[in-house]
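These notes concern the structure reproduced below.
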Amino acid sequence: MPELLANLNPEQYAAVTLPNEPALILAGAGSGKTRVLITRIAWLIQQGLASPSTVLAVTFTNKAAREMMARLSALLPIDTRGMWIGTFHGLCNRMLRAHHRDAGLPATFQILDTADQLSAIKRLMKGLNVDDEKYPPKNLQYFINNAKEQGLRPDQVDASDNFNLKFVELYRAYEQQCQREGVVDFPELLLRCYELLAHNAPLRAHYQARFRHILVDEFQDTNKLQYAWLKLLAGQSNAIFAVGDDDQSIYAFRGANVGNMLDFEREFNVRHLIKLEQNYRSHGHILDAANELISNNSRRLGKNLRTDAGHGEPVRVYEAATDTQEAGWIVEEIRALMNQSGLARTEIAVLYRSNAQSRTIEHTLVNAGIPYRVYGGLRFFERQEVKHALAYLRLIDNPNDDTAFARVVNFPTRGIGARSIEQLADAARLYNCSMAAAIPYVTGKAGSSLGAFANLIAKMRAETERMSLPETVEYVVRASGLADFYQGEREGQDRLENLQELVNAATAFVSEEGYGLDTPARSIPLAPGATAAPEVGGQGEVVVLDAASLTEPAQNPDTMTPLAGFLSHASLEAGENQAQAGQDAIQLMTVHAAKGLEFTAVFITGLEEGLFPHENSAIEADGLEEERRLMYVAITRAKERLYLSFAQSRMLHGQTRYNVRSRFFDELPQATLKWLTPKVEAGTRWGGRSDNAGWGRDWFSRPDREARHGGYGSYAGDAAVSAPLPAFANEQRAAETGFRVGQQVFHTKFGEGAITALEGSGPDARAQVRFKRHGEKWLALSVAKLQVVE
DNA sequence: GGGCACGGTTTTTTT
DNA sequence: AACCGTGCCC
């Protein structure tokens with residue numbers, strides 16, 4: 001049997017060699033999920049069951065797509081470019097570029113990232129004179145994206161109250177604005193592509209015939225629209241090979257629908273459901289802890305991980321008095337792991353539920369002189385100087401892109417103030433054209449400064465006509481005045497370097513995507529002998545297609561100019577999270593960011609009620625179960641050593657909070673745990689905020705401008721552990737009122753919510769409640785009629 | 001147009 | 001505590 005299948009366990013083998021029928025692979029953490037997916041593709045091709053061009057494999061992140069391609073080409077001596085491997089958004093972009101006319105988009109349509117979208121929405125609302133306090137732009141953005149992800153256009157959204165009717169109206173106006181500007185946002189990429197396939201039968205038939213093998217990674221993270229898109233591509237007879245783990249579904253908050261797994265099983269009549277339960281990552285105690293914890297969830301598809309490794313070390317638990325002391329302990333343990341156990345720094349991870357928790361740990365690591373790397377944060381293509389340069393590039397390619405226009409019309413400053421821009425926007429609205437096109441209508445001094453800007457862009461467009469992409473980028477950085485501007489800035493050196501890095505990124509892009517190095521940035525470089533992708537089925541003309549008559553894009557150079565490709569790339573792939581990647585350092589990240597990674601030693605910190613599980617999770621339906629899955633993900637990152645810690649008090653948002661240890665401790669098998677501090681039996685202590693709202697802050701000076709105090713003492717590991725246990729004043733109040741933090745309640749006016757804090761007593765007792773629809777409110781318990789839901 | 005003061009906000013995140 | 005947006009003043 002081929003080398004390919006050697007060393008696969010029976011379940012993996014079965015999954016890899018399944019017939020071409022719908023299949024659902026339930027792949028537990030560390031069970032070789034990616035390997036199965038990749039080997040499956042390689043096997044199909046090696047056996048002659050598939051040619052590369054019939055394969056479509058879809059992932060959520062560019063990183064995952066890249067890894068898949070890299071491992072595939074290592075496995076098979078074939079050109080992976082024939083396959084469609086990429087993210088949902090990347091693949092939709094590719095298809096829309098090829099059929100832009102059928103999709104009703106200009107060839108140079110550009111992609112708005114989340115920040116661009118928000119500024120487009122703000123601009124829209126300003127133009128329509130909409131009160132942005134009554135209708136917060138962020139809420140509208142959420143409303144629009146949510147509607148799109150449900151597949152709903154403005155006239156399909158059903159809105160009853162005035163509030164939602166306004167949102168629908170704004171959604172409609174936003175769509176018109178995007179269409180006029182030739183831009184699409186992230187969910188629009190998917191919805192447009194979905195509609196393209198849904199409405200264009202020949203095209204749909206063509207792609208259905210082509211993609212005979214559709215493979216989906218992280219299927220539990222798909223949203224409704226992504227699943228609908230997959231169904232459309234799969235058609236009647238085609239097989240989807242879906243790999244996922246319902247226990248690792250941690251993105252419900254952004255629309256992921258675990259229910260897609262059950263729907264898939266039912267709708268596709270899945271006969272092949274294979275569970276990968278053999279874990280190759282973690283030692284026994286760690287796995288036992290994970291299994292037991294997750295068994296507290298209901299509605300699971302059902303899966304239990306097993307390992308051949310021994311029990312290994314117990315899971316160590318530490319209770320600290322304060323967050324500072326917790327950090328001190330972590331650093332001490334890290335030292336021991338490095339010095340006594342000889343672990344490399346990259347093999348040690350510190351995980352937390354929310355980003356705000358990293359600072360204390362960072363501080364302690366700095367004092368101890370231990371290098372670390374924090375994941376998350378600003379990414380390369382999100383930096384302001386890079387976005388500015390990209391905006392100029394966008395304007396050259398598409399003068400209608402008002403988002404780009406507004407961004408740089410006065411950056412670097414060229415005497416065009418808010419007043420002039422408002423005038424221009426008014427003119428643009430009046431003539432229903434872009435801001436750039438409205439410039440001639442603005443008279444006076446404002447008109448002439450704007451005219452100068454228009455000339456600048458026109459000049460750039462003309463000068464770069466024959467330039468390659470890297471030359472164009474370099475030229476634009478200079479001619480825009482960005483380079484001079486940052487040169488003159490006191491702290492502009494980093495920004496200048498990033499702009500140089502952007503030129504490098506353009507060079508890399510051109511070579512990696514297979515464009516000729518000298519190809520002009522704004523022409524489509526057809527490969528010799530190839531023909532342009534025909535535009536099919538558009539403009540009332542029905543074209544019957546078969547696979548031979550339609551050459552759809554094998555790769556970017558066939559359909560996209562280098563510039564359009566690069567701009568897509570910049571929007572769709574924001575780049576690495578941190579510059580210091582690859583350096584030998586302790587790894588700090590949120591639990592979400594840790595998904596898919598593994599480390600020899602893992603610290604899960606801040607395991608307190610309110611933090612982990614997070615208090616906000618009490619509001620969402622199934623919120624607690626998602627927190628538990630998150631904890632499951634965290635535990636299963638560890639190979640050999642797992643540490644759990646919590647603190648009695650913690651500084652958060654400028655206030656000290658007193659928390660109780662996480663309920664998750666009670667859901668772990670006690671035999672796997674080793675308490676480093678005495679285990680205090682859970683009493684009826686309730687957490688809450690310290691009761692000093694409105695008093696702790698000086699009204700005459702700004703605390704955030706004050707010099708920070710007490711930052712220089714060396715306290716790594718040996719902070720005086722004398723902080724007394726706080727008096728749990730809230731305990732009695734909670735008992736007295738009959739309410740407690742985290743409780744689900746119902747209010748006749750505000751609807752459903754959850755208690756996030758309690759204070760006062762007797763007739764003054766108040767509860768802070770976070771309502772699903774109305775935000776957070778303080779309610780006097782003697783007045784408000786709160787009903788307990790639980 | 002830049003700097004400063006003030007007020008509000010703060011789960012998780014990819015594309 | 002820290003960050004961001006806004007509004008005011010020169």
Side-chain angles (χ1 to χ4, degrees), chain A residues 58-65 86-93 111-118 122 132-133 136-138 145 149 184-190 218 221-223 225-226 250-256 323 351-357 359-360 363 375-377 379 381-382 410-420 568-575 577 589-596 606 610-620 623 626-627 629-630 633-634 650-656 696-697 699-709 711 770 775-776:
Chain A
V58 57
T59 62
F60 275 86
T61 65
N62 293 295
K63 195 177 158 205
T87 63
F88 281 98
H89 294 82
L91 297 176
C92 287
N93 180 42
I111 301 166
L112 302 182
D113 67 17
T114 310
D116 295 332
Q117 185 191 28
L118 187 61
K122 284 181 178 166
D132 60 0
E133 296 209 342
K138 276 217 167 105
N145 290 348
E149 279 167 11
V184 296
D185 55 41
F186 285 139
E188 183 71 24
L189 278 173
L190 291 165
E218 306 277 16
D221 288 338
T222 52
N223 64 32
L225 180 54
Q226 287 160 339
I250 56 173
Y251 286 113
F253 71 92
R254 65 175 199 214
D323 50 347
L351 309 184
Y352 34 82
R353 176 63 178 81
S354 65
N355 286 303
Q357 288 163 252
R359 207 175 347 108
T360 318
H363 193 181
Y375 284 73
R379 310 165 94 199
F381 285 110
E382 292 168 354
N410 198 36
F411 195 97
T413 51
R414 39 179 80 88
I416 302 172
R419 189 73 203 89
S420 315
S568 292
H569 169 79
S571 303
L572 291 178
E573 178 159 15
N577 257 335
M589 65 194 84
T590 63
V591 180
H592 282 91
K595 192 179 163 211
L611 252 191
F612 200 180
H614 197 278
E615 56 198 3
N616 291 7
S617 70
I619 311 164
E620 331 269 326
E626 177 140 326
E627 294 291 302
R629 291 193 290 268
L630 200 49
V633 167
R650 175 178 300 277
M651 190 66 135
L652 202 67
H653 310 318
Q655 280 187 317
T656 307
R697 186 167 166 198
W699 53 269
F700 51 83
S701 76
R702 289 204 42 124
D704 57 345
R705 303 217 187 281
E706 210 91 325
R708 252 176 275 132
H709 45 76
R770 187 166 298 190
E776 223 164 51

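To find a chain, count down the sequence lines: A is the first, B the second, and so on, and within it residues start at 1.
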* Asked: Is there aromatic stacking of A/F253 against B/dT12, centre distance under 5.5 Å, plane angle under 30°?
  -> yes

* Asked: For A/E627 and B/dT12, what is the distance between atoms CD and C1' respectively, to the nearest whole Å?
  -> 8 Å

* Structure fact -> With the side chain defined as heavy atoms from C-beta on, A/R254 is closest, among B/dT13, C/dA1, B/dT11, to B/dT13

* Asked: What do you reckon, do A/H614 and the base of B/dT11 stack, with centroid distance below 5.5 Å and planes below 30°?
  -> yes

* Structure fact -> Ranking A/H653 and A/P187 by the position along DNA chain B of their nearest nucleotide, the one closer to 5' is A/H653

* Examine B/dG1: is either OP1 or OP2 under 4.0 Å from a nitrogen or oxygen in the side chain of A/R414? Give yes or no. => no

* Asked: Run the side-chain contact (heavy atoms from CB on, under 4.5 Å) check on A/K138 and A/L118 step by step: do they pass?
  -> CA-CA 7 Å; A/K138 276 217 167 105; A/L118 187 61; 4.1 Å; yes

* Return the nearest nucleotide to the side chain of A/R353; candidates are B/dT15, B/dT12, C/dA1. => B/dT12

* What nucleotide, of B/dT15, B/dG2, B/dT13, holds the atom closest to the side chain of A/Y251? -> B/dT13

* Could you tell me whether A/I416 contacts a base, only the sugar-phosphate backbone, or nothing, with contacts defined as non-hydrogen atoms closer than 4.0 Å? => sugar-phosphate

* Any A/N355 side-chain nitrogen or oxygen under 4.0 Å from OP1 or OP2 of B/dT13 -> yes

* To do: If the plane angle is over 60° it's perpendicular, under 30° parallel, otherwise tilted; pick one for A/F253 and A/H592.
  => perpendicular

* To do: Measure from CG on A/L630 to C1' on B/dT13 and round the result to the nearest Å.
  => 12 Å

* Structure fact -> In whole angstroms, the gap separating C1' of B/dT14 from CZ of A/R379 amounts to 7 Å

* Structure fact -> Taken to the nearest whole Å, CG/A/L652 to C1'/B/dT10 is 8 Å

* Structure fact -> Assign each of A/A574 and A/A356 the nucleotide of DNA chain B bearing its closest heavy atom; nearer the 5' end lies the nucleotide of A/A356

* **Non-neighbouring partners of A/E149 that pass salt bridge (Lys or Arg N to Asp or Glu O under 4.0 Å), sequence neighbours left out** => none

* To do: Scan A/N410 against the nucleic acid and name what it touches under 4.0 Å (heavy atoms): base, sugar-phosphate only, or nothing.
  => sugar-phosphate

* Asked: If you check every side-chain atom of A/H592, which of B/dG2, B/dT13, B/dT11 has the closest atom?
  -> B/dT13

* Rounded distance (Å) that lies between atom P of C/dA1 and atom CG of A/D323 -> 12 Å

* To do: Measure from the side-chain heavy atoms of A/R359 and tell me the nearest of B/dT15, C/dA1, B/dT12.
  => C/dA1

* Counting only side-chain N and O atoms of A/T590, is one of them less than 4.0 Å from OP1 or OP2 of B/dT13? -> yes

* NA contact type, A/F60, heavy-atom cut-off 4.0 Å: base, sugar-phosphate, or nothing? -> sugar-phosphate

* Starting at atom CD of A/E626, determine the distance to atom P of B/dT11, rounded to an integer number of angstrom. => 15 Å

* Structure fact -> Residues at least two apart in sequence or cross-chain that pass ring pair (Phe, Tyr, Trp, His ring centres under 6.0 Å) with A/Y352, listed by chain then number, are none

* According to a strict under-4.0 Å criterion, is A/N62 in side-chain N/O contact with OP1 or OP2 of B/dT15? -> yes

* Asked: Do A/F612 and A/L630 come within less than 4.5 Å of each other through their side chains, counting heavy atoms only?
  -> yes

* To do: May I ask you to decide whether A/K595 forms a salt bridge with A/D221, counting only side-chain N to carboxylate O separations under 4.0 Å?
  => yes

* State whether the distance check finds a donor on one side and an acceptor on the other, under 3.5 Å, for side chain A/S571 versus base B/dT15. => no

* Whole-Å gap separating C1' (B/dT9) and CD (A/Q655) -> 13 Å

* Asked: What is the distance, rounded to the nearest whole Å, between atom CZ of A/R629 and atom P of B/dT13?
  -> 17 Å

